[in-house]
Visitor: 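Handing you this structure, nothing more for now.
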Amino acid sequence: MELDVRIEQLEFKVAHLERALQELSDVLYRQQRELDSARARAQQLIEQVQQLEGRDADPNRVEIPPHY
């Protein structure tokens, strides 16, 4: 009888661990999607800045430091 109780307790723990693992997996998946989205947006912004910098590129122009 004691063996049955121990097996039941183990099954109970395994069920809870499986649920917790699935919840963690879902959170990780959502975070990865958010990270991928943020990286893509950052790349877009970098490209926009590079385009804007390239638009005003004049090789003879002297840039004045911002503290002047």
Visitor: For I7, what are the other residues in its hydrophobic cluster, where any two members join if their side-chain heavy atoms are less than 4.5 angstrom apart?
Guide: L3

Visitor: Hey, what do you get for CG (D4) to CD (E2), rounding to the nearest 0.5 Å?
Guide: 10.0 Å

Visitor: More than 12 foreign heavy atoms under 6.0 Å from CD of E8: is that the case here?
Guide: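 It does not: E8 CD has 12 such atoms or fewer within range.
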
Visitor: With sequence neighbours left out, which residue pairs that include part of residues 31-50 fulfil the salt bridge (charged side-chain N to carboxylate O under 4.0 Å, His left out) condition?
Guide: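 Output for this query is empty, none listed.
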
